[in-house]
Amino acid sequence: MPRRLAAASVLLLLSGVTSSANEFERVRPVTNDATRKECGECHMAFQPGLLPAGSWTRIMDGLDDHFGEKASLPPGPATEIRAYLTGNAAGRGDPALLRITEQRWWLREHRFRPEVWLRKDVLSKANCEACHRDAARGLYDDD
Amino acid sequence: MIRFLMPTLAVFAVGGAIAATANPARTALLDGYAAQAKAQSATFAGFSAERGRALYLGPHTGGKPETNACAACHTPNPTAQGRHQRTGRAIEPMAVSATPKRFTDPAEVEKRFDRDCPNVLGRACTAQEKGDFITYLAGQ
């Protein structure tokens, strides 16, 4: 708990802002096993509600080069995961943007100094759980 | 302390190796790769944990510079927890003694080789390399 508090304080200090209420601060957790397993192997299995359906479709179309990495899946799980992600996608957001971290709402909430992303325990903007301890449960309002 | 621990570790290692060879799914997987390796090379004479170790530790050229070995993400110690090089995601240890379910699901194993061999080597792995790799980690 002290660690969590400390992390939160650091973030507050660095960002200098508190977030406003945002529909993306609480999203439905991932309920599909294939999504949890396959996506969760290399990064947290991001909740479908974090991106609009158009973004998910393009992500699933491009798994051979998934942000520079080969992340292709066998047809069975790929079809299931695609249906789950697009069927539970966000109603808002820019479908032309593939990364959650490029969406306008995300950028508004993460105006930190660049050094934050280089911290060893953070490493990547995709590592939600470094700061949002309950991110895997869809809870991001702890900042 | 180390002297005291060594016998204990040795027992664990042997236990791991026995568990590894006793797993029918892993044996079947290795048999499959052995058949493929024979088909790919007339000189194939069985898998080698030593070659598997060299493959695991690298470093290799041909793949991505930041992932020039399996050990880049899985750490040089296969019983340790790894970390995805780009996302920071934790990876369960590769050693069978630490993660007994390793190399028991053929689809899962092929999926990972299919992705990671290009990342590390810049090409697909041969059947012999796959068998060497599993043989090495089954004994760890």
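Just so it is clear: chains get the letters A, B, ... in the order the sequence lines come, proteins before strands, and each one is counted from 1. Reckoned from all heavy atoms, side chains included, excluding hydrogens, waters and symmetry mates.
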Are Arg89(B) and Glu41(A) close enough, and set up right, to give a salt bridge (charged side-chain N to carboxylate O under 4.0 Å, His left out), and what steps lead you there?
-> CA-CA 8 Å; Arg89(B) 187 74 153 169; Glu41(A) 248 172 52; over 6 Å; no

Taking atom [atom1] of [X] as the centre, report whether more than 12 heavy atoms of other residues, nucleotides or ligands fall under 6.0 Å from it.
X: Arg123(B); atom1: CZ; value: yes
X: Arg83(B); atom1: CZ; value: yes
X: Lys38(B); atom1: NZ; value: no
X: Arg112(B); atom1: CZ; value: yes
X: Arg53(B); atom1: CZ; value: no

For Lys70(A) and Asp114(B) the tightest heavy-atom approach is NZ-OD2, 3.2 Å

Could you see if [X] belongs to whatever hydrophobic cluster contains [Y]? Use Ile, Leu, Val, Met, Phe, Trp, Tyr and a side-chain cutoff under 4.5 Å.
X: Val109(B); Y: Ile91(B); answer: no
X: Leu118(A); Y: Phe112(A); answer: no
X: Leu97(A); Y: Phe67(A); answer: no
X: Leu139(A); Y: Trp105(A); answer: no

Determine which residues belonging to residues 57-80 of chain B lie within contact range of chain A, meaning some heavy atom pair is under 4.5 Å apart, and list them by number or answer 'none'.
-> Lys64(B)

Honestly, the part of Asp116(B) sitting under 4.5 Å from a heavy atom of chain A is neither

Between Glu110(B) and chain A, which part of the residue has a heavy atom less than 4.5 Å away: side chain, backbone, both or neither?
-> neither

Structural part of Glu69(A) lying under 4.5 Å from a heavy atom of chain B = both

Distance, nearest 0.5 Å, that separates SG of Cys42(A) from CZ of Arg86(B) = 10.5 Å

The reported gap from NE2 in His84(B) to CG in Leu123(A) (rounded to nearest 0.5 angstrom) is 10.0 Å

Top residue by heavy-atom pair count (under 4.5 Å) with chain B, among Asn127(A), Asp64(A), Val122(A)?
-> Asn127(A)

Heavy-atom pairs under 4.5 Å with chain B, option from Gly40(A), Ala126(A), Pro74(A) with the top count | Gly40(A)

Between His66(A) and Arg115(B), is a side-chain contact (heavy atoms from CB on, under 4.5 Å) present by the stated rule, with each step listed?
-> CA-CA 11 Å; His66(A) 185 62; Arg115(B) 289 183 189 178; over 6 Å; no

